Amino acid sequence: MDLHAELKAALETAADPARAAPMQAYMRGQFIFLGVAAPQRRLAARDLLAGLKGVGADALLEHAQLLWQQPEREYQHVALDMLGLHRRQLGIGHIPALLALARQRAWWDSVDGMAGIVGDVLQAELQHGGDVHAHMVPALHHEDFWLRRIALLHQLGWRGDTDAGWLFDAALALAQEDEFFIRKAIGWALRDYARHAPEAVTAFANAHRQLLSPLSYREALKHQPP
């Protein structure tokens with residue numbers, strides 16, 4: 001059996017059909033589900049994905065594309081699990097392919113998962129001294145708001161590695177947008193950085209309160225003292 005046939009068998013074995021309808025409802029009917037919760041999905045696919053160690057980025061991206069084409073949403077989550085597990089096989093040159101994949105069947109779950117993978121790849125490039133945000137500049141201004149969301153969120157968890165200038169400029173660049181997922185992402189990105197630099201985020205949010213949407217401002221300072 002090949003990888004995809006084995007993954008299919010493993011996920012179908014782990015599936016609880018009674019969970020499928022609630023999972024579909026949670027995603028507003030955007031996708032169909034087998035009914036495999038995240039812990040069971042990761043357990044079912046773990047050994048199969050581990051076997052991809054060293055196969056190379058091209059093979060990983062090919063597997064991800066095939067998984068993305070499957071109708072059940074769990075397969076896209078497996079693709080993200082796979083790319084995250086083997087992120088060290090990916091480099092900055094693979095960012096365009098990752099962003100292109102994120103645009104397919106896009107919703108917050110797959111987009112946010114891809115933002116984490118893109119962020120991991122870019123953070124690993126910091127030690128080489130390159131312009132790690134080069135691919136994020138066009139993403140920040142892309143017509144597809146899901147790519148704009150990735151540009152806002154790619155530094156989540158970077159803490160001291162965060163380029164605060166990039167973060168604040170990106171927040172201001174998109175501050176006037178009406179799209180909920182952008183406004184939420186601005187607040188989320190600022191709130192995450194506030195765990196490392198609370199005073200800087202508070203000062204930024206208060207200085208630009210009239211530009212930030214109420215949602216972005218509220219989310220940014222959610223865990224800050226009044």
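Bear in mind the structure is a predicted one, so any value in this text is a computation, not a measurement.
To the nearest 0.5 angstrom, Leu48 atom CG is 12.0 Å from Met82 atom CE. Summarising the geometry, atom CG belonging to Asp112 is positioned 11.0 Å from atom NZ belonging to Lys184; distances are rounded to the nearest 0.5 Å. Atom CG in Asp47 sits 10.5 Å away from atom CD in Glu6 (nearest 0.5 Å). Here Leu90 contributes atom CG and Ile117 contributes atom CD1; the two are 8.0 Å apart, rounded to the nearest 0.5 Å. For the atom pair NE2 (His77) and CG (Leu11), the distance works out to 11.5 Å, reported to the nearest 0.5 Å.
Tyr193 and His196 have tilted rings, their planes meeting at an angle from 30° to 60° on a 0 to 90° scale. Note on ring orientation: taking the six-membered ring where Trp is involved, the planes of Tyr26 and Trp108 are perpendicular (angle over 60°, cut-offs 30° and 60°).
For the pair Leu122 and Met136, the minimum side-chain heavy-atom distance is below 4.5 Å. The closest side-chain heavy-atom distance from Gln123 to His154 is not below 4.5 Å. Side-chain contact between Leu101 and Leu83 is present, with heavy atoms from C-beta onward closer than 4.5 Å. The shortest distance between side-chain heavy atoms of Lys8 and Tyr75 falls below 4.5 Å. For the pair Ile186 and Tyr217, the minimum side-chain heavy-atom distance is 4.5 Å or more. Looking at Val137 and Leu140, their side chains never come closer than 4.5 Å, going by heavy atoms from C-beta outward. Leu147 has its side chain within reach of Arg103: a pair of non-hydrogen atoms, C-beta onward, lies under 4.5 Å apart.
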**OP:** Start with the C-alpha gap between Gln65 and Gln104, add the side-chain angles, then the distance that decides, and say whether side-chain hydrogen bond (donor to acceptor under 3.5 Å, both in side chains) holds.
**Re:** CA-CA 10 Å; Gln65 185 64 62; Gln104 302 175 39; 2.9 Å; yes
Original post:
Step by step, would you call Val121 with His94 a side chain to side chain contact (heavy atoms under 4.5 Å, CB included)?
Top reply: CA-CA 9 Å; Val121 172; His94 301 110; over 6 Å; no
Original post:
Between Leu172 and Phe204, is a side chain to side chain contact (heavy atoms under 4.5 Å, CB included) present by the stated rule, with each step listed?
Top reply: CA-CA 10 Å; Leu172 291 178; Phe204 170 81; 3.8 Å; yes
Subject >> Full working for side chain to side chain contact (heavy atoms under 4.5 Å, CB included) between Arg149 and Ile182 >> reply: CA-CA 6 Å; Arg149 182 173 169 98; Ile182 294 298; 4.2 Å; yes
Subject >> Asn206/Leu221 under side chain to side chain contact (heavy atoms under 4.5 Å, CB included): CA gap, chis, key distance, verdict >> reply: CA-CA 9 Å; Asn206 286 330; Leu221 301 183; 4.1 Å; yes
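Of all non-hydrogen atoms in Asp192 and Gln155, the two that sit nearest each other are OD2-O, 4.1 Å. Closest non-hydrogen pair, Gly113 versus Leu80, comes out as C-CD2, 4.1 Å. Gln224 and Ala194 make their closest contact through OE1-CB, 3.9 Å (heavy atoms, listed as atom of the first residue, atom of the second, distance). The two atoms that bring Gln89 and Leu52 nearest to each other are NE2-O, 3.4 Å, heavy atoms only. In terms of heavy-atom proximity, Glu125 sits nearest to Gly91 at OE2-CA, 4.1 Å. When all heavy atoms are compared, the tightest approach of Phe33 to Ala20 is O-CB, 3.4 Å.
Counting heavy atoms of neighbouring residues, nucleotides and ligands inside a 6.0 Å radius, atom CD of Glu179 exceeds 12 of them.
In this structure, the side chain of Thr13 engages the main chain of Ala9 through a donor-acceptor pair within 3.5 Å. In this structure, the side chain of Arg105 engages the main chain of Gln70 through a donor-acceptor pair within 3.5 Å. A side-chain donor-acceptor contact under 3.5 Å links Gln176 to the backbone of Leu211. Formation of a donor-acceptor pair under 3.5 Å by the Glu74 side chain with backbone atoms of Val36 is found in this model. The main-chain N or O of Leu67 is found under 3.5 Å from a side-chain atom of Gln76 such that the two form a donor-acceptor pair. In terms of modelled atom types and a separation under 3.5 Å, the side chain of Arg87 and the main chain of Gly119 share no donor-acceptor contact. Checked by atom type and distance alone, the side chain of Arg183 never pairs as donor or acceptor with a backbone atom of Phe180 at under 3.5 Å.
Separation of the His142 and Trp146 ring centroids does not fall under the 6.0 Å cut-off. A distance below 6.0 Å separates the ring centres of Trp107 and Phe181.
Hydrophobic clustering, with ILVMFWY side chains joined whenever heavy atoms are under 4.5 angstrom apart, groups Val78 together with Val55. Hydrophobic clustering of Ile, Leu, Val, Met, Phe, Trp and Tyr side chains at less than 4.5 Å, counting indirect connections, keeps Met27 apart from Ile32. Both Leu126 and Leu167 are part of a single hydrophobic cluster, where members link through side-chain heavy atoms under 4.5 Å apart. Linking Ile, Leu, Val, Met, Phe, Trp and Tyr whenever their side-chain heavy atoms come within less than 4.5 Å leaves Leu66 and Met114 in two separate clusters. The hydrophobic clustering, which links ILVMFWY residues whose side-chain heavy atoms are closer than 4.5 Å, places Trp166 and Val132 together.
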